[in-house]
Amino acid sequence: MLKRFYTAIVHRRRAVLAAFVLAAVLSVFASRAVQVDYDINDYLPPDSPSTIALEQMNSAFTGGIPNMRVMVRDVTVPEALDYKEKLAAIDGVEAVTWLDDSLDVTVPLQMQDTATVETYYKDNCALFTVTVEDANRLEAVAAIQDLIGEDNALAGTAVSTAVATNSTVTEVAKIAAIAVVYVLFILILTTDSWVEPLLVLAGLGAAILINNGTNLMFGTISFVTNAAGSILQLAVSLDYSVFLIHRFAECRAARPDASAEDCMVEALCKSTGSILSSGLTTVIGFLALVLMQFQIGPDLGLALAKGVVLSLVTVFTFMPALTLVCYPWMDKTHHKPLLPGFDKFGRFVSRIMLPAALALAVIMVPSYLASNNNEYYYGAAHMFGTNTRLGADTAAIEETFGKSDTWVVLVPEGDTATQAELSDALHAIPEVTGILSYVDNAGASIPPEFVPSDTLKLLASGGYTRMVLTVNADTEGDAAFALVEKVRATVQQYYPDAYDLAGQGVSTYDLMDTITADMVKVNLLAIGAVFLILLLMKRQLLLPVILVLSIETAIWINLAIPYFRGRHVFYIAYLIISTIQLGATVDYAILFSDRYQEFRETLDKKQAIAATVSTVTTSVITTGSALAVVGFLMGAISTNQLLGQLGNFLGVGGLVSLAIVLLVLPGYLYLADPLIIKPKKQPKEA
């Protein structure tokens, strides 16, 4: 059946090529219609408290939560009021809050509450709290920047999302271009035809274009998927086409009288098992992300798994057709290997493999413990460092006015006496520096009909009263999370289970609560699924344990490095890399063990190790170095520090996995040889 399918592909190769070219062209247009979401809070579970609170607030009130801080230097109070009017007039700006919303600015400021004044006006600097519509975020941020000029500063989630939107597209294109150049370079070194690298890139390009186009089925993808999806697909799928072309060359060399079509069918039949098993473990590793409550996991996992499946489909259909059309050119451009053989390296590994295995066993437990004791960032607050304009502006605002966040408490409308008590209790919390609410601004004794309608609809609407809290806290960290718990506990006393709390810090708290709960579940599923596949493939217990443990140790070492360097880790990057590194690099271990078992049929243990290292090093270095290079490119080029850290994790993880497979795994296979290699049956004596 499989042979009949491949025979049909070979005989109808021109139709196959035409179908793929058409699909790739259509996918280019389809990919432009895919929306990219750069707001990390949009990926919280629908049932998280902050998500529910935002939905309630948006249904009851027209204005959202303030999401931008704008600081203008060297202005008087009248000039600041003029800026406030101009800010409010910008399309996409829903509301602007300043000092005049809390105090009568016609009264000399020296006679008013100093703490309140310095929340908005200090050292001749005015700080405006601005609410920008999500739909017009890019245009509004650009207009505000034009209004205030380069000498002033703006920060907040609306700004970080706008910056990420504008910068990521350019950065991804730059990373992809350099990655393609490197992959072409490494393929030229590791293949024996000048045309072969172009064929491999053509197959990868078709699969990546079709995957990007079919992302239209999701409607919207996350910025993480948009930035990392194509690059990861390139790195993890690289070896499939190379393996098929090499099998085709072997079959032609072994059967010089056979037709190219017959040799391709034979190559496909022989390579299907190895390529499928390699691809399947990668797909399963990526699909484990689907079980995350934090929705970036399913978003990235489905796109990557689909990408690998499409790469497999391309290898078994498009690549045979393309290779048969182009193989005469491959013959004409054949050249001697550009890389030297790895025989000496194989013998070297056979000498140092046991000390290397011992060394890894010694650092295994410390690496595991260190990798689980990192300090984390959970939200978007630290995505742009001080070396970027946004990071520098954020630091400038915080230096003058301190850290600040805006939260909204929703409580049932009416019963102003209870609202007044709640307001007093919230004012008693030291970190709460200001409250805008019906009872604070209109007064608990003022009937609603005496309050101006424009003011009333901002404070009470749809059966809810809104209390807008300004808090002196970062949007994440132990202090911020403790404050979320304190405010929730305070409101709970007055409105038991009848309130909602929203805000950037609150969303980040829920984000922390959600994704930390995901960690164990996702990792165990990924490890268990890969282990089960290996168990079915190998039909023995010990070898899958050795292979999975080797790659898991590489992951622990990778994630332990920030701990020993004293660096914070973005938890999203931490969670994603654990699964991706397993899915992307366990192939190396599978390939090594397969070849070792083959060589053990004719060689003793030590000779088989040396021969295996010599044989697989080129293949493993090709894919391992590609993963490392695209990762380090992400790390070097991305101004978004989450993507940059994810890239560095990919780079380091690829190299560590590569080193463990080539230097340490041989020792484990050597020691476990009596248990994983079945002895040959001796012929019975006559």
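Since we're looking at a predicted model, the values are computed, not measured.
G279 and V308 get closest at one heavy-atom pair: O-CG1, 3.9 Å. Considering every non-hydrogen atom in both A155 and T394, the closest pair reads CB-OG1, 3.4 Å. In terms of heavy atoms, L591 sits closest to S619 at CD2-CB, 4.0 Å. The heavy-atom pair separating N226 from Y38 by the smallest distance is ND2-OH, 3.9 Å. Nearest heavy-atom pair across A53 and L501 is CB-O, 3.4 Å. Scanning both residues, S578 and L559, for their nearest heavy atoms gives OG-CD1, 3.5 Å.
When side chains are defined from C-beta on, N558 counts as touching Q581, because their heavy atoms get closer than 4.5 Å. For the pair L17/L322, a side-chain contact is recorded, criterion being any heavy-atom separation below 4.5 Å from C-beta on. In this structure, the side chains of T51 and D510 stay at 4.5 Å or more apart for every pair of heavy atoms. V630 is not listed as a side-chain neighbour of L650, based on a closest heavy-atom distance of 4.5 Å or more. Between T623 and V236 the shortest side-chain heavy-atom distance does not fall below 4.5 Å. No side-chain heavy atom of N211 sits less than 4.5 Å from a side-chain heavy atom of S230. Side-chain contact check for T190 versus F185: every heavy-atom pair is 4.5 Å or farther apart. Residues I555 and I577 form no side-chain contact, since every pair of their non-hydrogen atoms from C-beta on lies 4.5 Å or further apart.
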Item to complete: With side chain to side chain contact (heavy atoms under 4.5 Å, CB included) as the test, would you mind laying out the steps for V569 and F649 before giving the verdict?
Response: CA-CA 10 Å; V569 173; F649 274 145; 3.9 Å; yes
Worksheet item: So R69 and E398, salt bridge (Lys or Arg N to Asp or Glu O under 4.0 Å) or not? Walk me through it.
Response: CA-CA 10 Å; R69 302 173 83 194; E398 291 179 351; 5.1 Å; no
Practice prompt. Carefully, step by step, assess V313 and I210 under the rule side chain to side chain contact (heavy atoms under 4.5 Å, CB included).
Written response: CA-CA 11 Å; V313 171; I210 294 171; over 6 Å; no
Fill in: Verdict with supporting geometry, D37 and S222, side chain to side chain contact (heavy atoms under 4.5 Å, CB included)
CA-CA 5 Å; D37 191 341; S222 72; 5.6 Å; no
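The line from CG of L627 to CD1 of I231 is 11.0 Å long, rounded to the nearest 0.5 Å. In this structure, CD1 in I660 is found 11.5 Å from CG in L655, a value given to the nearest 0.5 Å. Separating the CG atom in L44 from the CD1 atom in I52 is a distance of 11.0 Å, to the nearest 0.5 Å.
Under a cut-off of 6.0 angstrom, the local environment of CG in D91 is sparse, with at most 12 non-hydrogen atoms contributed by other residues, nucleotides or ligands. The 12-atom threshold is exceeded at CZ of F632, counting heavy atoms of other residues, nucleotides or ligands nearer than 6.0 Å. Within a 6.0 Å sphere centred on CG of D478, heavy atoms belonging to other residues, nucleotides or ligands number 12 at most.
Applying the ring-ring contact (aromatic ring centres under 6.0 Å, His included) criterion to Y571, with sequence neighbours excluded, gives Y376, Y378, Y574. A search for ring-ring contact (aromatic ring centres under 6.0 Å, His included) contacts involving F570 returns Y377, not counting sequence neighbours. With sequence neighbours excluded, no residue forms a salt bridge (Lys or Arg N to Asp or Glu O under 4.0 Å) with K306.
Residue pairs meeting the side-chain hydrogen bond (donor to acceptor under 3.5 Å, both in side chains) criterion with at least one member in residues 162-186, sequence neighbours excluded: E171-T639, Y182-S625. Each salt bridge (Lys or Arg N to Asp or Glu O under 4.0 Å) pair with one or both residues in residues 566-584, not counting sequence neighbours, would appear here, but there are none. Within the structure, ring-ring contact (aromatic ring centres under 6.0 Å, His included) pairs that include any residue of residues 276-318 comprise F20-F318 (at least two apart or interchain).
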